[in-house]
Structure formats: structure tokens, C-alpha cells
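Heads up, the thing below is written out as C-alpha cells.
A note on names: the letters A, B, ... follow the listed sequences, proteins ahead of strands, and every chain is numbered from 1. Please read these numbers as outputs of a predicted model, since none were measured by experiment. Hydrogens, waters and symmetry mates play no part in the numbers below; they use all other heavy atoms, side chains included.
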Amino acid sequence: MSGKLIVLADANSFFASCETVFDPSLMGRPVVVLSNNDGCVVSRSAQAKTLGIVNGTPWFKIREQATHDGVIARSSNYELYASLSARMMSLMRGHFPHQEIYSIDECFLRSPWDAHTTADACIRMREAVLTGIGIPISIGVAPSKTLAKVANHWAKDHPDEHGVTVWDDATADYIATVLAAIPVERVWGVGRHLTRALQAMGIINALQLRDADPVMIRRRFSVVLECTVLELRGIACMADQSDADKGARTDQILCSRMFSTPITKFDDISQALGLYAQNACRRLRRQHGLCSQVHAFCASSPFNVDKEYLSIHGCTTLQDPSDDPITISRAACEALRHRFDPHGRYIRAGVMLTGLVDADVFHTLDGLEADCDDHHLGAVLDEVTRRFGPMRAGIGYAGIRGHARHDDDTGADWSMRRDMLSSRCTTRWDEMAVVHAR
DNA sequence: TCTGGGGTCCTAGGACCC
DNA sequence: TCTGGGGTCCTAGGACCC
């Protein structure tokens with residue numbers, strides 16, 4: 001099995017750690033980062049975890065107690081996190097021959113070395129990320145991705161491991177005792193529903209799942225869970241995604257937001273849809289794609305028990321695949337216009353693009369284009385955004401910048417709330433960190 | 001017109017991930 | 001008053017074909 005070790009590196013409390021990088025006064029203090037609209041907690045520093053704050057908790061429910069406990073809250077600053085993530089990934093890429101970026105804060109690396117040499121490389125990489133970027137990471141190493149995930153959790157939960165846990169075949173007996181102590185719902189790929197079904201069969205912990213009959217698991221559940229069973233045995237069977245992602249092309253593009261205050265009028269919904277459609281178009285053009293279907297939806301709050309939950313969805317099929325923001329904005333509004341129920345109080349809306357094709361492959365015969373006055377508006381808007389930043393030019397509300405400093409504040413009263421936003425030090429000249437020498 | 005088996009493709013929905 | 005925003009993959013079932 002040597003030469004086949006998989007390394008999983010991921011950041012500790014990534015968003016909260018990013019906030020600390022440019023504000024050292026947060027070091028050692030309970031910090032939480034909130035989702036859009038300052039809705040719920042999505043990242044917590046170690047100290048905030050000790051206070052018992054759970055991820056996903058609505059901020060308004062705990063704000064009073066948390067503030068009393070000295071917790072510092074920040075609005076999510078994805079521009080900053082994406083920038084620090086890119087630096088971190090690039091630094092890690094230099095330590096191993098092969099990297100597969102899995103999410104904004106974690107990546108798989110492949111090690112060609114034995115367990116001992118791999119452990120040394122991991123310790124060096126961890127130190128380099130900590131001193132070079134300022135982000136603490138944890139590392140798990142094992143013969144399969146699923147086991148590497150478990151090892152990574154183990155490293156995080158056990159400070160005496162110094163952030164690096166390495167398992168190989170030689171430690172099989174030890175791994176078994178660890179798996180016996182891990183509840184099945186903490187295994188990668190086992191969510192809420194599967195947990196309930198597995199528990200009903202008497203499979204409570206990771207060791208029991210590992211020792212279950214793969215054929216039975218496949219029959220009762222799926223090949224995915226069968227794969228998890230094999231992975232827990234140290235047999236790598238999950239595909240490497242890094243090649244598949246080479247073109248960075250996705251199968252669908254979704255842009256949806258919650259409003260800071262409910263919307264009742266279709267005019268407001270259609271303004272929001274136009275904004276989201278242009279955002280989706282920008283991502284579509286970035287991956288050199290065209291879309292064939294434009295979906296739009298809006299929904300009321302699922303948490304309001306007094307009012308009926310309303311969720312409306314519509315879809316427009318385009319005559320020809322397109323990446324034009326006017327065509328797609330219009331299609332999004334038309335998809336919903338006739339289904340719209342004026343009695344609803346809508347708190348979210350979104351636009352989804354599907355039927356994506358490669359722009360270089362699709363050609364309409366000359367003279368048969370659906371939209372003969374093709375204005376290349378998308379490319380122009382992209383260039384304006386590149387030179388002058390977001391919200392400087394666009395169709396409808398996408399060209400309006402509100403009085404706040406947030407780029408996505410349209411000035412509309414449903415615009416996203418981000419009251420506790422930190423500076424985007426690494427991507428904006430006018431928001432750079434200031435250092436005082438005394 | 002009836003009958004049967006087997007294959008492919010597409011879509012909606014469910015489950016999972018961070 | 002106030003509860004995120006993206007994605008992926010698999011499966012079942014229907015339409016269609018030979």
C-alpha cells in the first residue's frame with residue numbers, strides 16, 4: 001500500500017481563522033462568522049465552539065447571550081476567504097506532486113512516500129501554511145479518502161497529534177479501535193437519512209459500517225455507500241476529481257439569495273431575478289458556456305407556521321442556447337410571471353441555468369440565429385466589471401450601487417444585510433490593512 | 001393487431017457534501 | 001422582526017426503440 005497514501009489537509013475554522021489573519025486582536029477569542037443576511041452561524045473559532053455555539057444556529061436566537069459572553073460576530077466576507085484560499089492551495093501544491101482541491105478550505109494530496117516520510121512532509125507543509133498565510137490546518141493521512149477524513153477529524157480532536165495524523169496498513173488494529181469510537185453519522189457520505197436507516201439495522205459506529213456486507217449495503221442503499229464501506233477498509237475506490245474539473249465546467253449554475261425583508265410585488269421579484277440572472281450569466285461566460293434552459297423560482301419562509309408555505313418554479317426553454325444577459329434575464333422573469341401568486345410574502349428567489357453546452361461547439365447556421373441583433377453585451381459588461389468593479393454597469397438593478405460600501409447593495413430595501421463586514425485587505429487597494437509602528 | 005423482452009435516454013427527486 | 005448558497009451523484013420511472 002506504500003506509495004498510495006492520501007493526504008487530506010483542511011483548515012481549522014477556516015472563515016473565522018481568515019478574520020483573525022488581518023485582525024490579530026481576535027486571536028484566542030470566541031469568533032463566529034455569519035451566513036448572508038447575517039442569518040446563521042457558519043464558522044466558529046475554537047473558543048466559540050467551547051461556548052457551545054452550534055453551526056447553523058440562527059444568529060438572532062443567540063445574539064444576546066453570545067454578546068454577553070464576549071463573542072465577536074462577522075458578516076461573511078467571501079472575497080477575502082477566496083483570496084486566502086487561493087494562496088493556501090498554491091502553497092500546499094508545492095509540497096506534494098498531486099493536488100485535488102475539494103472545497104474552499106480543503107484539498108486531497110497524493111503522497112508517493114512511505115508513512116514516515118509522508119508525516120515529515122505534512123509537518124513541514126502545516127508549518128509553512130501557518131507562518132506563510134496565518135491559517136492553522138489539520139492533516140489526515142490514510143490509504144483512502146474516507147479514512148483520511150476520519151484521520152483528519154482525529155487530528156482535530158486530539159491536540160497531542162499536533163495537527164497531523166498518519167495511518168497506514170501497519171496501524172490496522174489501531175484504526176479499528178478508533179472507528180469503534182466514531183458514530184456512523186460522522187462518516188463522510190453518511191447524512192441524516194442514512195444514519196437513521198443504518199441505526200435501525202444496528203449499525204451505530206464506523207467500525208460496524210466497515211464490517212457490514214458490501215453486497216447487502218449496495219442492495220439496500222446504493223453503490224455510493226458500498227464504496228464508503230470499502231473505503232473504510234482502506235480500499236481506495238473514490239475517483240480523483242482533479243482531471244474532471246480541468247475546464248472548471250459545471251452541469252448547472254445556480255444563483256439564489258434570501259432577501260433581508262419579505263417581497264410581495266412581482267416587480268420587486270423581477271428586479272431581483274434580473275440581478276441574479278446577470279450574476280449567473282457572468283459565471284456562464286467565465287466557463288465559456290451557453291445555456292438552453294432558464295429556471296426561476298421564489299419561495300416564502302418555511303419557518304413561518306402561521307402562513308402557508310409557497311414555492312413557485314418555472315422554466316423557459318431558449319430558442320437557441322445563449323449567454324446574453326438580456327435574453328436570460330427576460331427568460332427568468334417570463335418563467336415566473338404567469339405563475340406568480342400575489343398573496344405570498346417571498347423571502348428568497350433564484351435563477352438556475354441548465355442544459356449547458358460548450359460555446360465553442362455550438363454554432364447556429366448563418367441567418368437562423370434567434371437573436372439576430374447580437375450585441376455582445378455580456379462581453380462588454382464583463383470588461384466594465386473587470387476594470388471598474390462590480391455593480392458599475394448592468395441591466396436594471398445590476399447597474400445601481402447603493403450608499404453602503406457593499407458592492408451587492410442595490411439600494412433596494414430587500415438588499416442583503418451585512419452589518420459586520422471586515423475589510424477585503426487582499427483584493428481592494430482602498431481596504432488594505434494599516435500597520436502602526438510605535 | 002397482438003405479444004414479449006431488453007436496451008437507451010431523459011428527467012425529477014432525493015441524498016449527500018462544504 | 002430576524003433561519004445561507006452553492007454544488008454533485010445516484011436511482012427510479014417513463015418514453016421510446018428494436
Donor-acceptor contact present, side-chain [X] to main-chain [Y], <3.5 Å:
| X | Y | result |
| --- | --- | --- |
| A/Thr261 | A/Trp414 | no |
| A/Asp69 | A/Val71 | no |
| A/His95 | A/Leu91 | yes |
| A/Thr20 | A/Ala16 | yes |

Of the candidate nucleotides [options], which contains the atom at the shortest distance from the side chain of [X]?
| X | options | answer |
| --- | --- | --- |
| A/Trp188 | C/dT3, C/dG6, B/dC18 | B/dC18 |
| A/Arg192 | B/dC16, C/dG4, C/dG6 | B/dC16 |
| A/His193 | C/dG4, B/dC16, B/dC18 | B/dC16 |

Distances for protein N or O near nucleotides 12-14 of chain C N or O, under 3.5 Å:
none

Using whole Å, report how far [atom1] of [X] lies from [atom2] of [N].
| X | N | atom1 | atom2 | answer |
| --- | --- | --- | --- | --- |
| A/Arg257 | C/dG5 | CZ | P | 6 Å |
| A/Tyr309 | C/dT3 | OH | C1' | 13 Å |
| A/Ile104 | C/dG4 | CD1 | C1' | 14 Å |
| A/Ile62 | C/dT3 | CD1 | C1' | 12 Å |
| A/Tyr81 | B/dC18 | OH | C1' | 15 Å |
| A/Asn304 | C/dT1 | CG | P | 10 Å |
| A/Met258 | C/dT1 | CE | C1' | 13 Å |

For this session: Verify whether the ring centers belonging to A/Phe340 and A/Tyr346 lie closer than 6.0 Å.
Result: yes
For this session: Begin with the C-alpha distance, continue with both residues' side-chain angles, and end with the deciding distance and a verdict on side chain to side chain donor-acceptor pair (under 3.5 Å) for A/Ser138 and A/Asn152.
Result: CA-CA 6 Å; A/Ser138 297; A/Asn152 187 285; 5.2 Å; no
Problem set entry | Nearest-nucleotide comparison on DNA chain C, the residue closer to the 5′ end among A/Arg348 and A/Arg345 | A/Arg345
Exercise. Among all residues two or more places apart in sequence or in another chain, which pass the salt bridge (Lys or Arg N to Asp or Glu O under 4.0 Å) test with A/Asp10?
Worked result: A/Lys156
Problem set entry | Residues forming a salt bridge (Lys or Arg N to Asp or Glu O under 4.0 Å) with A/Glu231, sequence neighbours excluded | none
For this session: Look at all strands and tell whether A/Leu194 reaches a base, only sugar-phosphate, or nothing, counting heavy atoms closer than 4.0 Å.
Result: sugar-phosphate
Exercise. Is A/Glu79 paired with A/Arg428 through a side-chain N to carboxylate O contact shorter than 4.0 Å?
Worked result: yes
For this session: Return one dot-bracket line describing DNA chain B 5' to 3' (Watson-Crick or G-U wobble pairs, both distances under 3.5 Å; ( ) same strand, [ ] crossing, | another strand, . none).
Result: ....||||||||||||||
Exercise. Between the side chains of A/Gln252 and A/Thr354, is a donor N or O closer than 3.5 angstrom to an acceptor N or O?
Worked result: no
Exercise. What do the steps show when you test A/Glu19 against A/Ser422 for side chain to side chain donor-acceptor pair (under 3.5 Å), and what is the final call?
Worked result: CA-CA 7 Å; A/Glu19 294 293 337; A/Ser422 52; 2.7 Å; yes
For this session: Answer yes or no as to whether C/dC2 has its base stacked against A/Trp59, where stacking requires a ring-centre separation under 5.5 angstrom and planes under 30 degrees apart.
Result: no
For this session: Would you please confirm or rule out a distance under 4.0 Å between OP1 or OP2 of B/dC16 and any side-chain N or O of A/Lys149?
Result: no
For this session: Can you sort out which residues in residues 29-52 of chain A have a heavy atom within less than 4.0 Å of DNA chain B? Ascending by number, please.
Result: none
For this session: Report the relative orientation of the aromatic rings in A/Tyr102 and A/Trp188; use parallel for angles under 30°, tilted for 30 to 60°, perpendicular for over 60°.
Result: perpendicular
For this session: If the plane angle is over 60° it's perpendicular, under 30° parallel, otherwise tilted; pick one for A/Trp167 and A/Trp154.
Result: tilted
Within the sub-3.5 Å range, which N or O atoms of nucleotides 7-11 of chain C have a protein N or O partner, and how far apart are they?
residue: C/dG7; atom: OP1; partner: A/Arg283; partner atom: NH2; Å: 2.4
residue: C/dG7; atom: OP2; partner: A/Leu254; partner atom: N; Å: 2.9
residue: C/dG7; atom: OP2; partner: A/Arg283; partner atom: NH2; Å: 3.3
residue: C/dT11; atom: OP1; partner: A/Val223; partner atom: N; Å: 3.4

For this session: May I have the step-by-step check of salt bridge (Lys or Arg N to Asp or Glu O under 4.0 Å) for A/Glu383 and A/Arg386, ending in yes or no?
Result: CA-CA 5 Å; A/Glu383 179 61 15; A/Arg386 193 187 65 76; 2.9 Å; yes
